[in-house]
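So that the names make sense, note that chain A is the first sequence line, chain B the second, and so on, each numbered from 1.
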Amino acid sequence: MTAEPENTAIPIKVTVNGVKHEAVVEPRTLLVYFLREQLALTGTHVGCDTSQCGACTIHLNGRAVKSCTILAVQANGKEITTIEGLARGDAFHPVQEGFREKHGLQCGYCTPGMIMTAAHLLETNPDPSEEEIKHALEGNLCRCTGYVNIVESVKWAAQKMGGKNVSR
Amino acid sequence: MTTEHISNGLIGASIRRVEDPLLITGKGCYVDDINLPGMLHLVVLRSLYPHAKIISIDTSAAKAIKGVVTVVTGAELPEHLNINAQVMFPGQKIPPHPVLARGAVHAPGTPVAAVVAESRAIAQDACNAIEVEYQALPSVQNAEDALKPGAPLAREELDNNICYTAVKKGGDVDKAFAQAEHIVRMHIVSPRQVALAIEPRGIAANPDPMGKSLTVWLSTQGPHRVRADLAGTLGMPENKIRLIAPDVGGGFGSKGPLYREDVLTCYFALKLRRPIKWIATRSDDFVTTIQGRDQAMTSELALKKDGTMLGLKVRVVANLGGYLQSSTAGPPQRMMAMAPGCYQIKDCHVEVVGVFTNTVPTGPYRGAGRPESVLNIERLIDKAAKDLGIDRLEIRRKNFIRPEQFPYKTGVGMEYDSGDYFKSLDKAMKLSNYQDLMRQRDERRARGEIVGVGVSTFVEPSGGAGFESGTVRIERSGDITVITGSSSHGQGHETVWAQIAAEMMKAPMDHVTVLHGDTYISQQGTGTFGSRSAVVGGGALATAAQRVIDKSKRIAAHLVEAAPEDMVQADGGFAVAGVPEKKVSWRQIAAAAYSGKIPQGMEIGLQETCFFDPRREAWGYGAHVCLVSIDRETGAPTIEKLVLVDDCGVLINPMIVEGQIHGGVAQGLGEALREQMIYAEDGQVLTGTLMNYAVMRAGDMPPLTLGETVTPNPFHPLGVKGVGEAGTNGAPPAVANAVMDALAPLGIDHIDMPYTAPKLWEAIRQAQSDRA
């Protein structure tokens, strides 16, 4: 392997949590590191290096994606919501509230990814069955809760949202 | 020691967690979230060989990369930079464990060179440019193989692979076996597990400009202990290091010890006078963070024909890996200490052989010897029941330690405080509708299904490893500050400690602030592991709070000119007994305490600290029942029902207790069903990523039914026992016994966990062809 990396900076424009950003990134920079290191949005976490754990889940143009799985340059021109952009001021998103109400987190490390995945689920399926919730969370790993209360948290949020879409 | 117990309902209430608002909004602060101006990044090059000599290392290409600050190999580091293991057993061998390999590597993942660079990416590029020439040496992975004559030496500087041999015994085991009417013999292996906290390990270090002191942020379970080890290794005064555990993303035992990368980060920070960060990748974590279990147990249980247990002999071969971490030798010790489980077996002989192999070091992982021990005795007792034709509940009840026998000294010398194992088992029977479960099993079997029911009963020793500190300070305003030496990584200390303090002080919970995880804030402390925090840290807090209450009562009495014995605690402070309007608030008491309007001879101020050492462990316990079915065509097991009855004494926050049980059970089920760290015969790691190490996912969790019994700990000011490891202790043997019950009609006696579909399918196929 050659020692000298390809580091020609590439300009990108992204909207993150409603704020427009213009930045230059290395071609190899993963979206998660762009968010964490260049925009200082450290709520999006890294828990693995094989796109298994889902701690880095964000919304890209309204879809839940693992931000370690795409390059920052691929997000050019797109809209991103991170965990920091989910609440409205001091009002938690119902999924955030659900996690607190039902003890859906312990150490909190997987939590942002879990919440972003669950929020996207409820956007697309406002009244999911337990099986559908579990299926939606297949790509998010938690080592603390045994998932029991995470599933309860999502159920709580679905109920709170009245089975309806809460579009942001 | 007693505490006045006037309940305002906070102890025992499922209060929502104080910690959560930050964590659900992405505003928590984990180590990798710390970024300081001028921060450098450390990346470590690791050996791919399990055992090899290092012939040469060429770092010239790496050093030439722009942005690289330094590249260092083991030979260039001071010789005192080693990880030091605790001596736990007499004669324990402690081969060198340098922070960068010197001349040889003894486990996959061993660091051979370190790069510090301006960015993580540049450091990684530079690592990739380092050329290392190895000479592979024969390696050994399985601990029992490592004991065979002619086995490769895992540590070539030793004569054999034995690190230590230790024995715990009581009574006269030979006599017991001479009297035996039946002896059960089994060989059981607990599979090697990965702790897998979702936050990989990480550290950031910031030196003062003179390089004399350090601030360290470390993803750790015990800031004080690890600081002492770090100071020792670096050769710097302990109190020149401020060690902070920020938000910590899980630990499960694995984030207890000091690791090589911690030392390297601090060493370079001091040397270069620059802040430095090192964050493990998941791949790093798989080959460097201590792993759990991997104990092979050969046991004999002597019984009378009626099922009365007479004696127990166990020989444990414990795989320690290629290096010793501080506590690597610990789990086998725990295994020995609870070998007889919940049973009256006075004649015991338990021997452990700790063995070096060319694998990642083992150490405490949730349970840390407890699950191995429970698995062993619970498989033995089920086998005994089967052999002797006795019902498995009856044989357990026949041998249980009886409630009136507590405190009970076991055959291996441990003293259990309290319990009613009959009640726990009865409750599990009732909650699982056991008789109906058995009827269903038989009906389904008659229809050709493979179905089994399993039971486990277990103890959960908690609150060991010495002291914990607790400080309660009433501020000038009357607000209450609680400082604990314990350190949370998901257990909800900020909530639970506030509940205890607010209840004891009769104050609103939001007047209490809990501080933890910072060696510059708290007294010396020990940390969170071994199900100890509520027991030891809670005990320290309760004792300190009581001392503040006692002093405050005298101040309150002084203020209203009453006798202290006439004062009672009232909402928000104290009042004269029978005259509730004659009240003194915490604010008034605090104002008096800091202004000197206090009884003569009393010291000014209002703060108390307790170093609490329970001097005995708290023995929680429980009973689990499992219904499992196995697909005859695929071998896939399905847990259809899992009933968990736990007794952890007084519950402070039942919601958090349930969460601990859920989490422990999930890890226990992972161990039982799918998780195993596998090394190939040539020593290569086959399960080094989440692609191939199979942790439980949301859809894998069976329905859980939780129940509880409450036996207050008679030796504790709050009556609590630990619960963090209960799920990892009780669930795996319940599943194992259920799977073996399911396969018993096929003539299968024992299979080791994990019960993966291919393994069960092969066993079923083999059994069927044997019979054909």
Side-chain angles (χ1 to χ4, degrees), chain A residues 1-5 7 26 28-29 33 36-37 40-50 52-53 55 82-87 92 95-97 99-101 103-112 115 131 133-151, chain B residues 14 16-17 19-30 32-33 35 61-62 64-66 121-122 125-126 128-129 195-200 247-252 279 281-283 489-492 655-656 658-659 662-667 689-691 695-699 701 704 727:
Chain A
M1 164 155 188
T2 56
E4 211 60 42
N7 56 4
E26 271 190 61
R28 65 177 173 179
T29 301
Y33 287 112
R36 287 182 53 81
E37 291 171 4
L41 292 168
T42 55
T44 302
H45 296 153
V46 178
C48 73
D49 42 19
T50 49
Q52 245 76 46
C53 80
T82 69
I83 186 71
E84 290 93 341
L86 202 60
F92 297 144
V95 174
Q96 291 173 314
E97 220 178 321
F99 271 68
R100 185 168 191 219
E101 288 295 329
H103 191 31
L105 66 150
Q106 291 181 28
C107 80
Y109 197 79
C110 75
T111 309
I115 289 176
E131 284 317 302
I133 294 172
K134 287 181 173 178
H135 182 70
L137 296 175
E138 277 295 283
N140 291 77
L141 298 181
C142 170
R143 196 63 161 165
C144 294
T145 65
Y147 306 97
V148 180
N149 286 341
I150 290 177
V151 173
Chain B
S14 289
R16 293 181 313 169
R17 297 201 320 170
E19 291 87 344
D20 290 353
L22 279 177
L23 301 179
I24 58 177
T25 51
K27 298 189 176 82
C29 182
Y30 301 86
D32 198 17
D33 303 341
N35 288 300
I65 293 174
K66 192 171 166 237
I122 294 171
D125 288 335
N128 296 346
L196 228 144
I198 301 294
E199 180 205 24
D247 287 321
V248 173
F252 316 112
I279 301 295
T281 63
R282 178 57 58 197
S283 301
H489 45 286
Q491 295 83 356
M655 174 189 86
I656 287 177
E658 276 195 12
H662 291 158
V665 165
Q667 290 179 350
T689 73
L690 285 167
M691 307 273 280
V695 295
M696 296 292 277
R697 291 166 188 269
M701 284 298 288
L704 306 179

Do the side chains of [Y] and [X] get nearer than 4.5 Å, heavy atoms only?
{"X": "B/F252", "Y": "A/C107", "answer": "no"}
{"X": "A/H135", "Y": "B/R697", "answer": "no"}
{"X": "A/F99", "Y": "B/D20", "answer": "no"}
{"X": "B/R17", "Y": "A/H103", "answer": "yes"}
{"X": "B/L690", "Y": "A/C53", "answer": "yes"}
{"X": "B/T689", "Y": "A/T50", "answer": "yes"}
{"X": "B/E199", "Y": "A/H45", "answer": "no"}
{"X": "B/D32", "Y": "A/V46", "answer": "no"}

* To do: State whether B/K27 and A/E84 are salt-bridged, where the test is any N-O pair (Lys NZ or Arg NE/NH1/NH2 against Asp/Glu carboxylate O) under 4.0 Å.
  => no
Please round to the nearest 0.5 Å and tell me the distance separating atom [atom1] of [X] and atom [atom2] of [Y].
{"X": "A/T111", "Y": "B/L22", "atom1": "OG1", "atom2": "CG", "value": "12.0 Å"}
{"X": "A/C142", "Y": "B/M696", "atom1": "SG", "atom2": "CE", "value": "12.0 Å"}
{"X": "A/T145", "Y": "B/M701", "atom1": "OG1", "atom2": "CE", "value": "8.0 Å"}

* Asked: Measuring heavy-atom distances to chain B, does A/L105 have an atom under 4.5 Å in its side chain, in its backbone, in both, or in neither?
  ->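 Backbone plus side chain of A/L105, per the 4.5 Å heavy-atom cut-off to chain B.
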* Check whether A/E37 gets within reach of chain B through its side chain, its backbone, both or neither, counting any heavy atom under 4.5 Å. => side chain
Would you check if the side chain of [X] reaches a backbone N or O of [Y] as a donor-acceptor pair within less than 3.5 Å?
{"X": "A/Q96", "Y": "B/I24", "value": "yes"}
{"X": "A/Q106", "Y": "B/G659", "value": "yes"}
{"X": "B/Y30", "Y": "A/G108", "value": "yes"}

What residue, out of [options], has the most heavy-atom pairs lying under 4.5 Å from chain B?
{"options": "A/A136, A/C144, A/G43", "value": "A/C144"}
{"options": "A/N149, A/L141, A/I115", "value": "A/L141"}
{"options": "A/P112, A/A55, A/A40, A/C48", "value": "A/C48"}

Name the member of [options] that forms the most heavy-atom pairs with chain A at distances under 4.5 Å.
{"options": "B/G251, B/G727, B/G663, B/G664", "answer": "B/G663"}
{"options": "B/A666, B/G249, B/G28", "answer": "B/G249"}
{"options": "B/E19, B/Q667, B/H489", "answer": "B/Q667"}
{"options": "B/D33, B/L23, B/V665, B/L704", "answer": "B/D33"}
{"options": "B/S283, B/G250, B/S14, B/A197", "answer": "B/S283"}

* Asked: Nearest heavy-atom pair of A/R143 and B/V695: which atoms, and what distance?
  ->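 For A/R143 versus B/V695, the nearest heavy atoms are NH1-CG1, 3.7 Å.
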* Considering all heavy atoms, the nearest A/Y109-B/P200 contact ->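 Looking at all heavy atoms of both residues, the shortest contact is OH-CD, 4.3 Å.
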* Proximal component of B/V248, with respect to chain A [non-hydrogen, under 4.5 Å] ->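 When you check distances to chain A, only backbone atoms of B/V248 fall under 4.5 Å.
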* Can you say whether B/A195 sits under 4.5 Å from chain A via the side chain, the backbone, both, or neither, judging by heavy atoms? -> backbone
